[in-house]
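Below is one structure, written out as structure tokens; comments come after it.
None of the values given here were measured: they were computed from a predicted structure. Chain letters run A, B, ... following the sequence lines, proteins first, then strands; residues in each count from 1.
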Amino acid sequence: MAELTYRQAVAAALAQEMARDDRVVLLGEDVASGGVFKTTGGLRERFGADRVWDTPISEQAIAGAAMGAAMAGLRPVAEIMFADFYATCWDQVANEIAKVRYMTGGQVSLPLVLRGANGSGGLGFGSQHGQSVENWAMTVPGLKIASPAGPAEAFGLLAAAIRDDDPVVVFEHKALYGRKEAMPDTGPDGEHVLPLGQARTVRAGRDVTLVGLSITVGTCLAAADELAAEGIEAEVIDLRTLVPLDAAAVLSSVARTGRLVVAEENPGQLGWGASIAAIAAQEAFGDLAAPVTRVSGGNVPLPVAASLEAEVDVSVSRIAGAVRGVLGASRPLSSTG
Amino acid sequence: MAELTYRQAVAAALAQEMARDDRVVLLGEDVASGGVFKTTGGLRERFGADRVWDTPISEQAIAGAAMGAAMAGLRPVAEIMFADFYATCWDQVANEIAKVRYMTGGQVSLPLVLRGANGSGGLGFGSQHGQSVENWAMTVPGLKIASPAGPAEAFGLLAAAIRDDDPVVVFEHKALYGRKEAMPDTGPDGEHVLPLGQARTVRAGRDVTLVGLSITVGTCLAAADELAAEGIEAEVIDLRTLVPLDAAAVLSSVARTGRLVVAEENPGQLGWGASIAAIAAQEAFGDLAAPVTRVSGGNVPLPVAASLEAEVDVSVSRIAGAVRGVLGASRPLSSTG
Amino acid sequence: MGVPDDLELFEQMCFLRHFEERADSLYRQGLIHGPVHLGLGQEAVAVGAASVLRPGDYSLGTYRGHAHALARGAPADAVLAELLGREGGICGGKGGSMHITSVEHGYYGSYAIVGAHLPVACGLAWAARIRRTGQVTVCFFGDGATNIGAFHEAVNLAAVWRLPVVFVCENNWYMEYTPIGDVIPVALPAADRAAAYGLDRIVVDGNDVAAVREVVGDAVRAARDGHGPSLVEAQTYRLKGHSAADGGAYRPAEEVARWRERDPLLRTRATLTAEGTAAGKLDEIDARIKADLAELARQVLARPAPDPAGAWTDVWSDGSWQWRN
Amino acid sequence: MGVPDDLELFEQMCFLRHFEERADSLYRQGLIHGPVHLGLGQEAVAVGAASVLRPGDYSLGTYRGHAHALARGAPADAVLAELLGREGGICGGKGGSMHITSVEHGYYGSYAIVGAHLPVACGLAWAARIRRTGQVTVCFFGDGATNIGAFHEAVNLAAVWRLPVVFVCENNWYMEYTPIGDVIPVALPAADRAAAYGLDRIVVDGNDVAAVREVVGDAVRAARDGHGPSLVEAQTYRLKGHSAADGGAYRPAEEVARWRERDPLLRTRATLTAEGTAAGKLDEIDARIKADLAELARQVLARPAPDPAGAWTDVWSDGSWQWRN
Ligand SMILES: Cc1ncc(C[n+]2csc(CCOP(=O)(O)OP(=O)(O)O)c2C)c(N)n1
Ligand SMILES: Cc1ncc(C[n+]2csc(CCOP(=O)(O)OP(=O)(O)O)c2C)c(N)n1
Ligand SMILES: [Mg+2]
Ligand SMILES: [Mg+2]
């Protein structure tokens with residue numbers, strides 16, 4: 001397949017799935033004209049007005065309409081323009097969509113996708129348009145959560161989310177929309193689709209396990225490069241999805257490296273990284289040679305001025321520094337495994 | 001002071017603070033007639049219609065009105081009847097209230113309290129009225145979070161929350177409203193007020209640290225009793241507030257016991273217990289003799305039938321079992337401290 | 001399939017009445033775990049509206065939704081088992097009284113968060129519109145719900161998209177303990193808001209089942225014929241408290257007495273006898289239903305509690321709950 | 001303090017115009033980090049409304065809020081420093097263009113989430129009502145915001161509580177790229193909804209500063225006198241795109257041209273010259289303001305970036321950010 005930017009990958013995944021299954025319908029603000037992040041361009045023209053619906057500024061109605069349509073057997077994909085706006089429809093997402101299959105004893109399925117632009121990434125969007133809020137979604141059982149780190153992931157995970165019979169929240173990173181890469185064919189018939197719940201080792205290493213998601217995968221890789229020059233070999237894992245979580249991939253890496261650093265863009269107070277750290281502290285305790293360390297977005301609402309924003313965003317140097325700290329604080333491995 | 005039930009303690013704390021400071025005003029659904037949980041009884045009669053305001057069913061307007069009034073210098077206390085309903089005003093809570101001081105560079109203060117009934121506790125309220133959602137609030141920097149475990153805590157923490165110049169979310173546990181205990185005087189002039197950010201050791205023990213909050217404090221104590229009969233001495237800590245978090249209290253206990261079990265009612269996928277576990281795994285690594293273990297509410301939306309609910313709620317036996325597991329998996333302490 | 005006649009409607013209302021009286025008494029005996037909200041006195045809305053729906057049509061209600069589920073045909077034993085926390089509950093014990101759903105009968109759920117289901121109703125109607133199936137969605141909610149944002153967003157979207165949905169506000173004049181007049185700035189909670197969405201002002205006597213059948217019938221027909229949504233205000237009254245735990249003492253005795261006279265069952269009974277039905281026949285129906293429900297309750301109470309393992313199913317479409325490996 | 005005359009209003013509008021033209025050009029030069037939303041063409045609303053407010057009154061606006069802050073007296077250098085990410089920004093660099101606040105001038109913030117500030121406006125007005133201070137709150141928002149739940153809840157609460165608040169909808173006929181007519185089921189987004197809250201239908205030409213002064217003035221007076229809230233629809237047009245990054249190509253050229261003719265500055269200029277003010281005098285004012293703002297921009301650009309340490313202040317009232325010990 002061709003080289004695509006992350007935003008083109010989103011549009012292409014939508015097109016692939018809309019062509020494949022006419023139950024896939026889109027709704028959201030300005031989506032008919034291509035969307036403010038240009039992730040739905042050309043879809044109305046190609047698939048018609050019955051497949052791509054513009055909405056008023058009514059996030060509750062958007063999320064609720066997606067839910068109702070999914071119950072009726074469609075496979076809606078709702079755009080919530082900025083992930084911060086999930087707050088305006090949190091009841092629909094957290095109290096209805098996440099729970100209705102369970103509450104009804106399995107009478108209904110919700111094959112729906114909520115997707116939108118997440119994260120800071122140094123673009124100056126501030127506290128109400130620049131947050132990373134995967135942690136909001138992860139507090140709620142019943143939602144699957146995907147957070148692609150690059151164009152191929154954006155394509156494959158979104159396609160998988162659309163095919164999944166459960167509600168999936170896809171967090172696209174707004175600072176990655178311009179990134180470009182070639183799409184590998186991964187499915188039958190040359191389709192591109194990735195499994196949900198399977199992490200990806202993006203770099204192998206023996207000394208420490210670096211766990212990232214979305215934009216921090218790239219930051220971890222850059223830190224790994226920096227550390228390699230010092231002779232430290234970091235293994236970098238892209239979780240891809242938080243739910244389902246491929247904890248086994250993390251645990252098996254830690255079993256080899258004995259050290260774990262988690263890099264998350266959301267604030268650390270209760271970020272997804274805490275969940276990874278807690279799992280390791282419980283299940284990999286015997287493997288750990290050093291404290292489990294987290295590098296998180298600043299525990300503040302996000303500032304706008306570039307000098308302030310750079311101060312709180314996760315950076316290569318903070319990750320590399322954490323790794324050096326972990327290696328310095330290591331004790332000999334207690335087990336021989 | 002007299003013996004009060006938890007719900008009476010809430011009403012008494014409101015009365016104490018309303019009498020002390022006429023900027024304290026209440027708003028919420030049915031609060032004028034005493035509230036559905038009877039936590040505001042008699043306040044309208046005593047303090048007048050200008051101090052206690054009934055609202056329509058409009059949680060966004062309630063939270064927003066509290067915010068605006070706080071900016072104008074009042075000290076509003078808003079009742080959000082069930083904590084699950086924070087979802088219906090999450091934008092006001094997470095995107096506005098939590099952030100506005102920061103976003104304005106400190107130009108405004110928000111001395112406001114949001115309070116309501118949280119948690120399961122085996123009452124059959126189900127997935128939309130019975131959740132524990134402290135974890136929702138903890139994902140957001142800028143909110144203080146209190147979760148009282150008994151009547152004296154309910155009184156003292158609410159009074160402190162009202163006096164605090166920052167927004168505080170107080171999670172009252174609906175299954176504790178009927179509990180009764182004597183109120184100690186803790187403040188000047190016989191007032192009852194507790195500090196925010198100070199955990200309380202409710203039972204001392206040398207073998208393991210049990211950390212609870214709200215209803216799980218009692219569950220931890222009951223488990224400690226059961227374990228004591230087996231010769232296991234558990235220390236039980238009531239966190240009281242998640243933000244500010246008294247991490248030092250947990251760390252210093254773990255430094256003595258070498259073992260940590262955290263009991264949280266919210267689902268474990270991303271519960272507040274993960275944050276405690278992650279802090280211990282990073283900062284008490286050298287002190288730990290055993291895996292950090294979490295006991296969490298079932299990672300499902302809450303069922304209603306008593307037999308199902310009991311299956312997923314945190315129980316004495318699950319906590320005691322976790323402690324036994326931790327003791328079984330312990331290695332000799334690696335440090336001599 | 002013809003529209004049911006007055007006698008059938010009477011029989012259905014009788015059934016709802018006795019079902020809920022039974023639920024009330026079971027609650028008082030401590031046999032129901034969790035809250036229960038009864039629609040006693042509001043039966044004509046559920047029955048009148050259901051009478052104009054076809055199989056395949058969608059309906060949704062609130063935590064006060066027993067009647068709406070049963071009126072669509074949800075099996076009474078399964079609903080009762082759900083309330084009582086017994087095996088065979090319609091939601092497997094995971095929903096309880098506030099979350100009755102019977103997809104098989106087109107009842108897409110009772111929703112416990114005020115207003116939350118109005119957007120969901122839009123989605124069901126949207127699917128029907130996209131697929132041109134002619135299915136109609138009817139969404140019931142209370143007067144108090146008209147003040148919440150979700151109401152506004154949903155009715156607005158339905159109007160903009162011309163969705164085949166009928167929003168039926170059951171104005172029982174109270175939101176919990178507060179008279180609705182204290183918390184709305186207009187006289188009628190739904191009717192006085194309809195124009196804001198370009199919709200007609202429609203008010204119906206919600207205690208007159210024939211009137212409901214007619215007015216909701218017109219709205220359903222319009223929706224089916226592609227003329228878009230309606231907002232109907234059905235004026236009624238709940239004869240008991242907000243929930244089974246509430247005595248309703250905040251309501252003036254004369255007010256309650258006045259509405260007791262307008263009890264929808266008495267009204268339909270009067271119509272029927274005026275039309276020539278023997279009062280004895282109606283009494284017989286009433287007695288039979290009452291006895292049947294007493295027997296049903298006995299049977300359901302004899303069932304065991306649901307297997308605890310059921311708490312761990314139905315989170316995901318593969319039946320499991322695991323979120324990690 | 002008297003209400004400003006037409007010449008003063010002209011001067012203020014001129015100031016806003018040149019401030020925003022300058023911001024636009026700085027954005028195009030890549031000197032502004034983060035998004036910028038300009039209110040070019042909508043100046044008459046901000047200026048006309050601010051002209052009837054007293055010190056101590058509260059106002060609130062949206063991400064398109066530069067004009068609203070400046071019209072209340074927020075210092076231009078501090079606003080510009082906030083946009084440019086320089087020392088001395090009015091929010092210390094933590095707000096940026098979308099979150100301008102100047103409490104000292106009664107401007108209680110620009111809010112970037114559509115509709116979110118309407119409930120907040122209720123709270124400010126509620127405090128004034130409780131304390132009987134006579135302060136009035138004015139809350140600006142767009143046509144698109146009338147579709148979100150928070151709008152409904154806030155206007156409703158204001159009406160129920162009879163709060164001294166004036167909601168001013170700036171109907172510029174677009175929500176981002178979508179014509180408002182495509183996403184509302186009525187003709188006018190605010191005016192056609194007023195009756196749902198028991199409020200009068202008030203429409204004003206938002207490009208006529210004198211008309212805004214009069215109509216908003218009446219509403220403010222009513223609020224101050226205890227007659228409760230108003231909802232005013234001011235019809236206007238944004239001359240540029242939704243944000244500085246948007247060319248606005250989705251708008252028909254004739255439509256833009258038609259509105260250019262109704263530019264509020266041209267209108268006021270025409271009034272003034274008809275009343276006898278020399279055109280040259282107006283040109284002079286215009287040129288002076290433009291030059292002043294160019295100079296101001298130079299000065300602010302010469303400042304350093306805010307100290308990174310500032311990222312860690314102002315989370316809590318004690319100035320700190322720590323959430324744990
Ligand atoms: C968002 C939300 N807020 C508050 C509640 C608590 N509550 C449950 S029912 C109710 C009153 C609803 O009144 P109305 O809509 O008139 O319906 P009715 O109960 O009269 O049938 C309230 C406030 C809720 N369930 N959801
Ligand atoms: C809740 C929410 N949804 C979507 C957005 C994205 N958004 C920003 S401005 C805007 C359009 C607003 O239109 P309008 O209210 O007419 O104001 P205008 O921009 O025309 O001044 C949208 C959809 C947002 N900021 N908040
Ligand atoms: Mg009601
Ligand atoms: Mg607009």
Which is it for Thr293(A) and Gln282(B) under the side chain to side chain contact (heavy atoms under 4.5 Å, CB included) test, yes or no, and what are the steps along the way?
-> CA-CA 6 Å; Thr293(A) 299; Gln282(B) 180 157 0; 3.4 Å; yes
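- For chain A, the nearby part of Val243(B) is the side chain; its heavy atoms alone come within less than 4.5 Å.
- In terms of non-hydrogen atom pairs under 4.5 Å with chain A, the most contact-rich of Ala277(B), Ala98(B), Ala290(B), Ala329(B) is Ala290(B).
- Ser127(B) and Lys99(A) get closest at one heavy-atom pair: O-CE, 3.2 Å.
- Using a 4.5 Å cut-off between heavy atoms, Leu260(A) makes no contact with chain B at all.
- The closest donor-acceptor contact from the side chain of Gln128(A) to the backbone of Asn95(B) lies under 3.5 Å.
- Interface summary for chain B: among Asn266(A), Val300(A), Thr88(A), the most heavy-atom pairs under 4.5 angstrom belong to Val300(A).
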Does the pair Leu288(B) and Phe285(A) meet the rule for a side chain to side chain contact (heavy atoms under 4.5 Å, CB included), with working shown?
-> CA-CA 9 Å; Leu288(B) 287 168; Phe285(A) 184 69; 3.7 Å; yes
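- When all heavy atoms of Leu302(B) and Tyr102(A) are compared, the closest pair comes out as C-CE2, 4.0 Å.
- Shortest non-hydrogen contact noted between Leu270(B) and Asn135(A) is CD2-O, 3.6 Å.
- Interface summary for chain B: among Gly271(A), Pro267(A), Pro303(A), the most heavy-atom pairs under 4.5 angstrom belong to Pro303(A).
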Trace of the side chain to side chain contact (heavy atoms under 4.5 Å, CB included) decision for Thr139(A) with Thr139(B) | CA-CA 9 Å; Thr139(A) 59; Thr139(B) 59; 3.6 Å; yes
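- Contact between Trp136(B) and Ala94(A) at its shortest, heavy atoms only, is CZ2-CB, 4.0 Å.
- Options Glu59(B), Gln131(B), Gln60(B) differ in how many heavy-atom pairs under 4.5 Å they form with chain A, and the most are formed by Gln131(B).
- The list of salt bridge (charged side-chain N to carboxylate O under 4.0 Å, His left out) pairs with a residue in residues 294-310 of chain A, not counting sequence neighbours, reads Glu264(A)-Arg294(A).
- Of the listed residues (Gly273(A), Ala274(A), Ala284(A), Pro291(A)), the one with the most heavy-atom contacts under 4.5 Å to chain B is Pro291(A).
- Neither the backbone nor the side chain of Val93(A) comes within less than 4.5 Å of any heavy atom of chain B.
- Shown here for Gln269(B) and Ala137(A), the closest heavy-atom pair between the two residues is NE2-O, 4.4 Å.
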